[in-house]
Amino acid sequence: MKKIREIKAGTMNVDEFIADKIRDIQLAVGDGLAINALSGGVDSSVVTALGHRALGDRLKTFFIDNGLMRQGEPARVAADFRKLGIRVEVLDASKAFLTALKGIADPEEKREAITQTFYKKIFGRLVVKSGAKHLLQGTILTDVDETVAGIKRQHNVFAQLGIDPQKAFGYQILEPLIELRKEGVRKVGQGLGLPESMFARIPFPGPGLAARVIGEATPARIALVRRATAILEAALKDVPAFQYLAILHEDRVTGMRNRKRVFGNQIEIRCWDSLDARTARPTRLPYDTLEAVAKKITRTIPEVVSVTYNITSKPTSTIEAV
Ligand code: XMP
């Protein structure tokens, strides 16, 4: 497998990069159709805008609602892109993903279930129906590094693991951002004229909230972490951190409500300072902020009795919990 040459954010020529990638995409797709899945994250947003510059309406963009998104995310993302003149079709596939996750607690098995459901079941069918021969995807170098190093299987990495997407799924995958890290992707987003709210957004992982539920990601547990996420994101929206997230633990702890003992859930909060997600340090959030978040979470979500803050760096921690 050929080693990928990194393009550093500090030295890259953004306009040249955009022009090169547009040409590459046009050459690969010819006069055919391509398809891509937009999650609303920085990488997939940038790849969607780049692909539309290259192919116009010949790129069909779908938002696959896997039931693992944050509150109101599918409609918000589609509306944001509509404003840019890019049509996004929202497909509700939540049943298929939640069924595939049933009974699975192991992190890598969870990722595999999501990968297979996405690429084979949902996307495989869409590609066949659309007649597209190419899938445009926002894989970045950090995804490849961590997967190849065996730290974490990122859901969108294949070739570097010896998997031929053409054989496995029946279509080619184009990855125009694969030489970049997050900082470089943000620069390309800016260069493409995307609104800052799109390219400066905090990262959100491909496996969605399933990466933030330790143990089985049941609909009820996903709903719980979704509520905690909404509270945390609202509370930290002005904090200039790389990323912040709420995690639902598998273990429960003794707590009390109405002077009675309850055996309740624990939420862990993480907030990271990082440049490229390869290493990260916990943000030194003010105690008042942390206490206010804990209060809001335990007041709003009756099942949660305890909230903790992660004070470990990556490594040894990783950014997500699963
Ligand atoms: P980790 O947890 O590996 O995350 O330190 C590094 C960055 O990648 C984002 N991200 C993912 N993380 N699985 C993950 O665990 C994925 O499929 C994935 N996709 C993106 C993550 O949010 C963090 O910014």
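Both ligands and their constituent atoms are indexed starting at 1 by order of listing. Side chains included, hydrogens not; waters and symmetry mates left out as well; all remaining heavy atoms used.
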Under-4.0 Å salt bridge between R270 and E268: yes
Check ion pair D143-K182 (N to O, under 4.0 angstrom): no
Residue contacts for ligand 1, heavy atom to ligand atom, distance under 4.0 Å: R111, E146, K152, Q154, H155, P203, P205, G206, P207, F242, Q243, A277, K314, T318, I319, E320, V322
Side-chain ion pair, R87 and E89, N-O less than 4.0 Å: yes
Residues R221, E216: salt bridge by 4.0 Å N-O rule: no
Qualifying residues under salt bridge (charged side-chain N to carboxylate O under 4.0 Å, His left out), relative to E73, sequence neighbours excluded: R70, R76
Ionic contact status for E6 with K8, cut-off 4.0 Å: yes
